[in-house]
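The structure appears right after this line, and notes come after that.
First the proteins, then the strands, lettered A, B, ... as listed; each starts at 1.
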Protein chains: 2
Amino acid sequence: MPRPSKALLDRDRIGATALALVDSHGDFSVPQIARALGVQTASVYHHVEGRAGIIELLRSRIAETIDASTLELRPWDRALEAWARSYRAAFAEHPRSIPLLTMSQVASPEVLVQYERAVELLIEAGFAMADVMPVITALDNLVLGSALDLAAPESMWQPAPDGSTPLLERALAAVGGGRRADAAFDLALAGFLDHVRGLAASAAPA
Amino acid sequence: MPRPSKALLDRDRIGATALALVDSHGDFSVPQIARALGVQTASVYHHVEGRAGIIELLRSRIAETIDASTLELRPWDRALEAWARSYRAAFAEHPRSIPLLTMSQVASPEVLVQYERAVELLIEAGFAMADVMPVITALDNLVLGSALDLAAPESMWQPAPDGSTPLLERALAAVGGGRRADAAFDLALAGFLDHVRGLAASAAPA
(Lines give C-alpha, C1' and ligand atoms only; values in the text may rest on other atoms or scores of the structure.)
Protein backbone atom coordinates (compact mmCIF):
# COMPACT_ATOMS: atom_id res chain seq x y z
CA MET A 1 0.00 0.00 0.00
CA PRO A 2 1.42 3.44 -0.83
CA ARG A 3 2.23 5.58 2.17
CA PRO A 4 0.34 8.85 2.51
CA SER A 5 2.14 11.68 0.75
CA LYS A 6 2.55 13.46 4.09
CA ALA A 7 5.27 10.95 4.96
CA LEU A 8 7.34 12.56 2.18
CA LEU A 9 7.97 15.42 4.54
CA ASP A 10 9.70 14.83 7.84
CA ARG A 11 12.69 16.21 9.67
CA ASP A 12 14.94 13.55 8.24
CA ARG A 13 14.13 14.42 4.62
CA ILE A 14 14.38 18.14 5.34
CA GLY A 15 17.82 17.65 6.88
CA ALA A 16 19.05 15.46 4.04
CA THR A 17 17.83 17.97 1.44
CA ALA A 18 19.39 20.93 3.25
CA LEU A 19 22.70 19.07 3.52
CA ALA A 20 22.73 18.22 -0.19
CA LEU A 21 22.10 21.91 -1.00
CA VAL A 22 24.89 23.04 1.33
CA ASP A 23 27.30 20.45 -0.08
CA SER A 24 26.80 21.76 -3.60
CA HIS A 25 26.03 25.46 -3.11
CA GLY A 26 27.42 26.39 0.31
CA ASP A 27 23.98 27.38 1.61
CA PHE A 28 20.26 26.53 1.57
CA SER A 29 16.97 28.40 1.73
CA VAL A 30 13.66 27.07 3.00
CA PRO A 31 11.94 27.67 -0.40
CA GLN A 32 14.72 25.67 -2.11
CA ILE A 33 14.13 22.77 0.29
CA ALA A 34 10.38 22.94 -0.33
CA ARG A 35 10.92 22.95 -4.10
CA ALA A 36 13.27 19.96 -3.93
CA LEU A 37 10.71 18.01 -1.87
CA GLY A 38 7.72 19.13 -3.96
CA VAL A 39 5.88 20.76 -1.07
CA GLN A 40 4.85 24.27 -0.05
CA THR A 41 7.38 26.37 1.89
CA ALA A 42 4.87 26.73 4.73
CA SER A 43 4.73 22.94 5.09
CA VAL A 44 8.46 22.83 5.80
CA TYR A 45 7.94 25.28 8.66
CA HIS A 46 5.49 22.86 10.29
CA HIS A 47 8.37 20.48 10.93
CA VAL A 48 11.27 22.70 11.98
CA GLU A 49 11.84 25.88 13.95
CA GLY A 50 12.82 28.08 11.04
CA ARG A 51 16.20 28.32 9.41
CA ALA A 52 17.99 27.94 12.77
CA GLY A 53 16.16 24.65 13.31
CA ILE A 54 17.35 23.37 9.94
CA ILE A 55 20.94 24.35 10.74
CA GLU A 56 20.64 22.21 13.91
CA LEU A 57 19.36 19.32 11.76
CA LEU A 58 22.52 19.64 9.65
CA ARG A 59 24.64 19.70 12.79
CA SER A 60 22.93 16.58 14.17
CA ARG A 61 23.27 14.69 10.86
CA ILE A 62 26.99 15.34 10.63
CA ALA A 63 27.61 14.80 14.36
CA GLU A 64 25.91 11.41 14.32
CA THR A 65 28.73 10.17 12.08
CA ILE A 66 31.27 11.10 14.80
CA ASP A 67 32.17 8.12 16.99
CA ALA A 68 31.14 9.50 20.40
CA SER A 69 32.26 6.29 22.13
CA THR A 70 35.83 7.60 21.68
CA LEU A 71 35.07 9.91 24.61
CA GLU A 72 34.74 6.83 26.87
CA LEU A 73 38.38 5.82 26.21
CA ARG A 74 41.00 6.38 28.90
CA PRO A 75 43.44 7.98 29.56
CA TRP A 76 41.84 11.30 28.65
CA ASP A 77 44.42 12.25 26.01
CA ARG A 78 43.79 9.03 24.11
CA ALA A 79 40.05 9.81 24.22
CA LEU A 80 40.55 13.37 23.03
CA GLU A 81 42.81 12.30 20.17
CA ALA A 82 40.41 9.59 18.95
CA TRP A 83 37.44 11.96 19.17
CA ALA A 84 39.35 14.63 17.22
CA ARG A 85 40.20 12.16 14.43
CA SER A 86 36.61 10.96 14.10
CA TYR A 87 35.24 14.51 14.30
CA ARG A 88 37.65 15.66 11.54
CA ALA A 89 36.65 12.78 9.25
CA ALA A 90 32.94 13.59 9.71
CA PHE A 91 33.34 17.26 8.77
CA ALA A 92 35.76 16.60 5.90
CA GLU A 93 32.76 15.00 4.13
CA HIS A 94 30.83 18.29 4.37
CA PRO A 95 33.37 21.14 4.29
CA ARG A 96 30.90 23.74 3.04
CA SER A 97 28.69 23.22 6.09
CA ILE A 98 31.46 24.46 8.39
CA PRO A 99 30.91 28.25 8.25
CA LEU A 100 27.12 27.83 8.56
CA LEU A 101 27.55 25.68 11.65
CA THR A 102 30.23 27.79 13.32
CA MET A 103 28.19 30.94 12.75
CA SER A 104 25.20 29.74 14.80
CA GLN A 105 24.81 28.59 18.37
CA VAL A 106 24.96 24.86 19.11
CA ALA A 107 21.53 23.67 20.28
CA SER A 108 21.33 20.15 18.82
CA PRO A 109 20.85 17.71 21.75
CA GLU A 110 22.94 15.01 19.99
CA VAL A 111 25.85 17.44 19.79
CA LEU A 112 25.46 18.93 23.27
CA VAL A 113 25.71 15.45 24.80
CA GLN A 114 29.13 14.98 23.11
CA TYR A 115 30.35 18.27 24.60
CA GLU A 116 28.96 17.31 28.02
CA ARG A 117 31.08 14.14 27.85
CA ALA A 118 34.16 16.02 26.68
CA VAL A 119 33.79 18.46 29.60
CA GLU A 120 33.39 15.55 32.01
CA LEU A 121 36.56 13.94 30.59
CA LEU A 122 38.63 17.09 31.12
CA ILE A 123 37.31 17.73 34.63
CA GLU A 124 38.17 14.13 35.53
CA ALA A 125 41.65 14.66 34.02
CA GLY A 126 42.24 17.52 36.45
CA PHE A 127 41.96 20.57 34.19
CA ALA A 128 41.10 23.83 35.95
CA MET A 129 37.42 24.62 35.23
CA ALA A 130 38.37 27.89 33.48
CA ASP A 131 40.61 25.96 31.04
CA VAL A 132 38.01 23.39 29.99
CA MET A 133 36.15 25.39 27.30
CA PRO A 134 39.31 27.03 25.87
CA VAL A 135 40.87 23.54 25.50
CA ILE A 136 37.74 22.15 23.81
CA THR A 137 37.35 25.22 21.59
CA ALA A 138 41.01 25.15 20.52
CA LEU A 139 40.56 21.49 19.58
CA ASP A 140 37.36 22.36 17.66
CA ASN A 141 39.26 25.02 15.70
CA LEU A 142 42.11 22.68 14.90
CA VAL A 143 39.72 19.93 13.81
CA LEU A 144 37.57 22.17 11.60
CA GLY A 145 40.58 23.85 9.97
CA SER A 146 42.07 20.42 9.30
CA ALA A 147 38.75 19.05 7.99
CA LEU A 148 38.71 21.86 5.41
CA ASP A 149 42.28 20.95 4.50
CA LEU A 150 41.44 17.25 4.18
CA ALA A 151 38.75 18.24 1.66
CA ALA A 152 41.26 20.45 -0.22
CA PRO A 153 43.27 19.51 -3.33
CA GLU A 154 46.25 17.26 -2.64
CA SER A 155 48.42 19.79 -4.38
CA MET A 156 47.40 23.01 -2.64
CA TRP A 157 49.92 25.49 -4.09
CA GLN A 158 50.65 26.25 -7.71
CA PRO A 159 54.18 27.72 -7.65
CA ALA A 160 54.49 30.95 -9.62
CA PRO A 161 55.13 30.18 -13.32
CA ASP A 162 57.69 33.02 -13.43
CA GLY A 163 59.96 31.12 -11.03
CA SER A 164 59.56 33.70 -8.25
CA THR A 165 58.80 31.06 -5.58
CA PRO A 166 61.80 28.69 -5.73
CA LEU A 167 61.86 27.90 -2.00
CA LEU A 168 58.14 27.09 -1.96
CA GLU A 169 58.77 24.68 -4.86
CA ARG A 170 61.59 22.96 -2.94
CA ALA A 171 59.56 22.71 0.26
CA LEU A 172 56.58 21.23 -1.66
CA ALA A 173 58.85 18.70 -3.38
CA ALA A 174 60.21 17.57 0.01
CA VAL A 175 56.77 16.47 1.28
CA GLY A 176 55.97 12.80 0.65
CA GLY A 177 53.08 12.24 -1.73
CA GLY A 178 49.54 11.57 -0.59
CA ARG A 179 49.78 12.55 3.07
CA ARG A 180 49.91 16.35 2.89
CA ALA A 181 46.80 17.01 4.98
CA ASP A 182 47.37 14.12 7.37
CA ALA A 183 50.98 15.16 8.05
CA ALA A 184 49.84 18.67 8.99
CA PHE A 185 46.98 17.40 11.17
CA ASP A 186 49.23 14.89 12.97
CA LEU A 187 51.72 17.64 13.69
CA ALA A 188 49.09 20.09 14.94
CA LEU A 189 47.30 17.48 17.07
CA ALA A 190 50.56 16.27 18.64
CA GLY A 191 51.50 19.86 19.50
CA PHE A 192 48.06 20.55 20.94
CA LEU A 193 48.05 17.40 23.10
CA ASP A 194 51.61 18.04 24.39
CA HIS A 195 50.64 21.55 25.37
CA VAL A 196 47.39 20.65 27.15
CA ARG A 197 49.02 17.71 28.96
CA GLY A 198 51.17 20.39 30.57
CA LEU A 199 48.05 22.39 31.53
CA ALA A 200 46.40 19.35 33.10
CA ALA A 201 49.55 18.45 35.06
CA SER A 202 49.96 21.97 36.43
CA ALA A 203 46.30 22.26 37.48
CA ALA A 204 45.86 18.78 38.99
CA PRO A 205 46.42 18.47 42.74
CA ALA A 206 49.67 16.63 43.50
CA MET B 1 34.28 64.24 -18.36
CA PRO B 2 32.49 60.99 -17.60
CA ARG B 3 34.64 57.88 -17.89
CA PRO B 4 33.62 55.38 -20.56
CA SER B 5 31.20 52.81 -19.23
CA LYS B 6 33.77 50.09 -19.89
CA ALA B 7 35.63 51.29 -16.81
CA LEU B 8 32.70 49.99 -14.75
CA LEU B 9 34.08 46.53 -15.33
CA ASP B 10 37.55 45.64 -14.13
CA ARG B 11 39.12 42.96 -12.01
CA ASP B 12 38.80 45.08 -8.91
CA ARG B 13 35.04 45.50 -9.27
CA ILE B 14 34.58 41.86 -10.16
CA GLY B 15 36.50 40.81 -7.04
CA ALA B 16 34.61 43.20 -4.78
CA THR B 17 31.25 42.00 -6.12
CA ALA B 18 32.20 38.33 -5.79
CA LEU B 19 33.34 38.91 -2.21
CA ALA B 20 30.09 40.68 -1.28
CA LEU B 21 28.11 37.73 -2.72
CA VAL B 22 30.23 35.20 -0.81
CA ASP B 23 29.92 37.19 2.42
CA SER B 24 26.14 37.12 2.24
CA HIS B 25 25.38 33.83 0.42
CA GLY B 26 28.45 31.64 0.87
CA ASP B 27 29.05 31.45 -2.89
CA PHE B 28 28.93 33.40 -6.17
CA SER B 29 28.19 32.68 -9.81
CA VAL B 30 29.50 34.57 -12.82
CA PRO B 31 25.94 35.49 -13.99
CA GLN B 32 25.21 36.90 -10.50
CA ILE B 33 28.32 39.08 -10.72
CA ALA B 34 27.35 40.26 -14.20
CA ARG B 35 23.83 41.11 -13.01
CA ALA B 36 25.15 43.06 -10.02
CA LEU B 37 27.47 45.07 -12.29
CA GLY B 38 24.87 45.56 -15.04
CA VAL B 39 26.91 43.84 -17.73
CA GLN B 40 26.68 40.68 -19.84
CA THR B 41 28.09 37.47 -18.37
CA ALA B 42 30.43 37.14 -21.35
CA SER B 43 31.95 40.54 -20.53
CA VAL B 44 32.99 39.29 -17.10
CA TYR B 45 34.89 36.45 -18.77
CA HIS B 46 36.97 38.97 -20.73
CA HIS B 47 38.58 40.08 -17.48
CA VAL B 48 39.13 36.86 -15.52
CA GLU B 49 40.07 33.26 -16.19
CA GLY B 50 36.70 31.74 -15.35
CA ARG B 51 35.39 30.90 -11.91
CA ALA B 52 38.85 29.80 -10.71
CA GLY B 53 40.23 33.21 -11.67
CA ILE B 54 37.56 34.93 -9.59
CA ILE B 55 38.35 32.70 -6.61
CA GLU B 56 41.97 33.88 -6.89
CA LEU B 57 40.74 37.50 -6.95
CA LEU B 58 38.93 36.79 -3.66
CA ARG B 59 42.08 35.23 -2.24
CA SER B 60 44.20 38.24 -3.26
CA ARG B 61 41.69 40.74 -1.84
CA ILE B 62 41.62 39.06 1.55
CA ALA B 63 45.37 38.36 1.61
CA GLU B 64 46.24 41.99 0.91
CA THR B 65 44.75 42.84 4.33
CA ILE B 66 47.27 40.47 5.99
CA ASP B 67 50.35 42.32 7.26
CA ALA B 68 53.04 40.47 5.28
CA SER B 69 55.78 42.56 6.89
CA THR B 70 55.30 40.39 9.99
CA LEU B 71 57.27 37.72 8.12
CA GLU B 72 60.33 40.01 8.24
CA LEU B 73 60.37 39.99 12.06
CA ARG B 74 62.96 37.91 13.89
CA PRO B 75 63.32 35.53 15.65
CA TRP B 76 61.28 33.27 13.40
CA ASP B 77 58.71 32.28 16.06
CA ARG B 78 57.87 35.94 16.69
CA ALA B 79 57.39 36.37 12.93
CA LEU B 80 55.20 33.28 12.64
CA GLU B 81 53.04 34.33 15.60
CA ALA B 82 52.51 37.87 14.29
CA TRP B 83 51.72 36.58 10.79
CA ALA B 84 49.21 34.08 12.23
CA ARG B 85 47.42 36.81 14.20
CA SER B 86 47.15 39.13 11.21
CA TYR B 87 46.09 36.25 8.91
CA ARG B 88 43.36 35.20 11.37
CA ALA B 89 41.99 38.76 11.63
CA ALA B 90 41.83 39.05 7.82
CA PHE B 91 39.84 35.83 7.37
CA ALA B 92 37.56 36.45 10.36
CA GLU B 93 36.10 39.33 8.28
CA HIS B 94 35.13 36.86 5.52
CA PRO B 95 34.39 33.49 7.17
CA ARG B 96 32.19 32.23 4.36
CA SER B 97 35.01 32.57 1.86
CA ILE B 98 37.07 29.96 3.73
CA PRO B 99 35.69 26.71 2.22
CA LEU B 100 35.77 28.20 -1.31
CA LEU B 101 39.41 29.19 -0.89
CA THR B 102 40.56 25.98 0.78
CA MET B 103 38.86 23.89 -1.92
CA SER B 104 40.89 25.37 -4.77
CA GLN B 105 44.60 25.57 -5.47
CA VAL B 106 46.48 28.73 -4.47
CA ALA B 107 47.63 30.56 -7.60
CA SER B 108 47.32 34.23 -6.58
CA PRO B 109 50.81 35.82 -6.92
CA GLU B 110 50.18 38.09 -3.89
CA VAL B 111 49.50 35.03 -1.75
CA LEU B 112 52.30 32.86 -3.16
CA VAL B 113 54.84 35.53 -2.26
CA GLN B 114 53.72 35.35 1.40
CA TYR B 115 54.22 31.58 1.39
CA GLU B 116 57.62 31.97 -0.27
CA ARG B 117 58.64 34.24 2.62
CA ALA B 118 57.23 31.88 5.23
CA VAL B 119 59.20 28.98 3.69
CA GLU B 120 62.36 31.11 3.67
CA LEU B 121 61.81 31.97 7.35
CA LEU B 122 61.52 28.33 8.37
CA ILE B 123 64.52 27.19 6.30
CA GLU B 124 66.56 29.96 7.93
CA ALA B 125 65.30 28.81 11.36
CA GLY B 126 66.75 25.38 10.70
CA PHE B 127 63.63 23.27 10.01
CA ALA B 128 64.19 20.10 8.00
CA MET B 129 62.94 20.71 4.44
CA ALA B 130 60.35 17.91 4.77
CA ASP B 131 58.85 19.64 7.86
CA VAL B 132 58.42 23.07 6.27
CA MET B 133 55.09 22.55 4.46
CA PRO B 134 53.52 20.47 7.27
CA VAL B 135 54.39 23.26 9.75
CA ILE B 136 52.95 25.96 7.47
CA THR B 137 49.85 23.88 6.68
CA ALA B 138 49.21 23.10 10.35
CA LEU B 139 49.42 26.82 11.10
CA ASP B 140 47.03 27.54 8.19
CA ASN B 141 44.53 25.06 9.63
CA LEU B 142 44.77 26.51 13.10
CA VAL B 143 44.37 30.05 11.78
CA LEU B 144 41.39 29.29 9.54
CA GLY B 145 39.60 27.25 12.22
CA SER B 146 40.17 30.10 14.68
CA ALA B 147 39.05 32.72 12.16
CA LEU B 148 35.74 30.88 11.83
CA ASP B 149 35.49 30.83 15.60
CA LEU B 150 36.25 34.54 15.87
CA ALA B 151 33.31 35.17 13.53
CA ALA B 152 31.08 32.88 15.63
CA PRO B 153 28.62 33.95 18.35
CA GLU B 154 30.26 34.89 21.66
CA SER B 155 28.00 32.37 23.36
CA MET B 156 28.54 29.29 21.20
CA TRP B 157 26.64 26.62 23.17
CA GLN B 158 23.04 26.68 24.32
CA PRO B 159 22.99 24.23 27.26
CA ALA B 160 20.14 21.72 27.02
CA PRO B 161 16.94 23.22 28.53
CA ASP B 162 16.18 19.86 30.21
CA GLY B 163 19.26 20.24 32.44
CA SER B 164 21.05 17.27 30.86
CA THR B 165 24.32 19.19 30.35
CA PRO B 166 25.20 20.45 33.87
CA LEU B 167 28.98 20.15 33.43
CA LEU B 168 28.93 22.05 30.15
CA GLU B 169 26.99 24.81 31.91
CA ARG B 170 29.61 24.97 34.69
CA ALA B 171 32.53 25.00 32.25
CA LEU B 172 30.90 27.78 30.20
CA ALA B 173 30.26 29.85 33.34
CA ALA B 174 33.95 29.53 34.31
CA VAL B 175 35.18 31.28 31.12
CA GLY B 176 35.65 35.03 31.46
CA GLY B 177 33.28 37.10 29.30
CA GLY B 178 34.26 38.50 25.93
CA ARG B 179 37.45 36.55 25.22
CA ARG B 180 36.11 33.07 24.36
CA ALA B 181 37.57 32.87 20.85
CA ASP B 182 40.80 34.71 21.75
CA ALA B 183 41.47 32.43 24.74
CA ALA B 184 41.14 29.35 22.54
CA PHE B 185 43.34 30.81 19.79
CA ASP B 186 46.04 31.91 22.27
CA LEU B 187 46.08 28.43 23.75
CA ALA B 188 46.26 26.68 20.39
CA LEU B 189 48.91 29.04 19.01
CA ALA B 190 51.08 28.71 22.13
CA GLY B 191 50.86 24.91 21.89
CA PHE B 192 51.70 24.98 18.19
CA LEU B 193 54.72 27.26 18.64
CA ASP B 194 56.06 25.22 21.60
CA HIS B 195 55.81 22.07 19.56
CA VAL B 196 57.46 23.42 16.40
CA ARG B 197 60.25 25.11 18.41
CA GLY B 198 61.13 21.55 19.42
CA LEU B 199 61.12 20.44 15.77
CA ALA B 200 63.41 23.30 14.74
CA ALA B 201 65.82 22.61 17.60
CA SER B 202 66.05 18.90 16.79
CA ALA B 203 66.61 19.50 13.06
CA ALA B 204 69.09 22.39 13.31
CA PRO B 205 72.78 21.47 13.27
CA ALA B 206 74.38 21.92 16.70
Check whether any side-chain heavy atom of A:W83 sits under 4.5 Å from a side-chain heavy atom of A:L139, and report yes or no. yes

Quick one: are B:D77 and B:E81 in side-chain contact, heavy atoms under 4.5 Å? no

Show the atom names and distances, to 0.1 Å, of all donor-acceptor pairs under 3.5 Å that link a side chain in residues 121-129 of chain A to residues at least two apart or in another chain.
| unit_1 | atom_1 | unit_2 | atom_2 | d |
| --- | --- | --- | --- | --- |
| A:E124 | OE1 | A:R74 | NH2 | 3.1 |
| A:E124 | OE2 | A:R74 | NE | 2.8 |

With rounding to the nearest 0.5 Å, note down the distance linking CZ in A:F192 to CG in A:N141. 9.5 Å

Quick one: what part of B:A190 sits under 4.5 Å from any heavy atom of chain A, side chain, backbone, both or neither? both

Taking B:L167, B:V119, B:D131, B:D149 one by one, which has the highest count of heavy-atom pairs under 4.5 Å against chain A? B:L167

Rounded distance [0.5 Å steps], CG in B:L80 versus CZ in B:R197: 9.5 Å

B:R117 versus chain A, the contacting section by heavy-atom distance below 4.5 Å: neither

Could you tell me whether the side chain of B:I62 reaches within less than 4.5 Å of the side chain of B:L101, counting heavy atoms only? yes

Rounded distance [0.5 Å steps], CG in B:L58 versus CZ in B:R61: 8.5 Å

Atom of A:E56, atom of A:A107 and distance for their closest heavy-atom approach: OE1-N, 2.8 Å

Given heavy-atom pairs under 4.5 angstrom as the criterion, report whether the side chain, backbone, both or neither of B:D140 touches chain A. side chain

Within the 4.5 Å heavy-atom criterion, are B:V196 and B:W76 side-chain neighbours or not? yes

Once you round to the nearest 0.5 Å, how far does NE2 of B:H195 lie from CG of A:D194? 6.0 Å

Of all the heavy-atom pairs spanning A:Y45 and A:G50, show the shortest one and how long it is. CE2-CA, 3.7 Å

Could you tell me which non-hydrogen atom of A:H47 sits nearest to which non-hydrogen atom of A:D10, and how far apart they are? ND1-CA, 4.1 Å

Residue among A:V111, A:L172, A:V143, A:D186 with most heavy-atom pairs under 4.5 Å to chain B: A:L172

Interatomic distance, B:D182 atom CG to B:L187 atom CG [nearest 0.5 angstrom]: 12.5 Å

If you count heavy-atom pairs within less than 4.5 Å of chain A, which of B:S146, B:A188, B:P109, B:A183 leads? B:S146

Considering only heavy atoms from C-beta outward, does the side chain of A:I54 approach that of A:R51 to under 4.5 Å? no

Return the option, out of B:L142, B:V113, B:L148, B:V175, with the maximum number of heavy-atom pairs under 4.5 Å with chain A. B:L148

Under 4.5 Å heavy-atom distance to chain B, tell me which part of A:R179 shows up: side chain, backbone, both or neither. neither

In terms of heavy-atom pairs under 4.5 Å, which option from A:V132, A:I136, A:T102 contacts chain B the most? A:T102

Report which part of A:S108 has an atom under 4.5 Å of a heavy atom belonging to chain B: side chain, backbone, both, or neither. neither

Indicate the atoms forming the closest heavy-atom contact of A:A151 with B:M103, along with that distance. O-CG, 4.3 Å

Okay, B:L150 and chain A: the region with an atom under 4.5 Å from a heavy atom over there is neither

Within a reach of under 6.0 Å around CD of A:Q40, are more than 12 heavy atoms found that belong to other residues, nucleotides or ligands? no

Using a cut-off of under 4.5 Å on heavy-atom pairs, state which of B:L144, B:T165, B:D162, B:L193 scores highest against chain A. B:T165

Least distance between heavy atoms, B:T70 atom then B:D67 atom: OG1-O, 2.6 Å

Which residues in residues 18-36 of chain B have any heavy atom lying under 4.5 Å from a heavy atom of chain A? B:H25, B:G26, B:D27

Flag side-chain contact, heavy atom, 4.5 Å: A:V44 against A:T41: no

If contact means a heavy atom pair closer than 4.5 Å, which residues of residues 85-100 of chain A contact chain B? A:P95, A:R96, A:I98, A:P99, A:L100

Any side-chain heavy-atom pair from B:M133 and A:L168 closer than 4.5 angstrom? yes

Take B:R59 and B:E110, measure what salt bridge (Lys or Arg N to Asp or Glu O under 4.0 Å) needs, and give me the verdict at the end. CA-CA 9 Å; B:R59 202 189 300 276; B:E110 296 84 348; over 6 Å; no

For chain A, which of B:G198, B:P166, B:A173 has the most heavy-atom pairs under 4.5 Å? B:P166

Looking only at heavy atoms and a cut-off of under 4.5 Å, which of A:E169, A:R180, A:R170 has the most pairs with chain B? A:R170

Okay, B:V135 and chain A: the region with an atom under 4.5 Å from a heavy atom over there is both

Who in residues 154-161 of chain B is close to chain A, using a strict under-4.5 Å heavy-atom cut-off? B:S155, B:M156, B:W157, B:Q158, B:P159, B:A160

Quick one: which of B:A130, B:A118, B:A147, B:A171 has the most heavy-atom pairs under 4.5 Å with chain A, could you say? B:A171

Nearest 0.5 Å, what's the CG-CG distance between B:D12 and B:L57? 8.5 Å

What part of A:S164 is in contact with chain B, defined as an atom under 4.5 angstrom from a non-hydrogen atom: side chain, backbone, both or neither? backbone

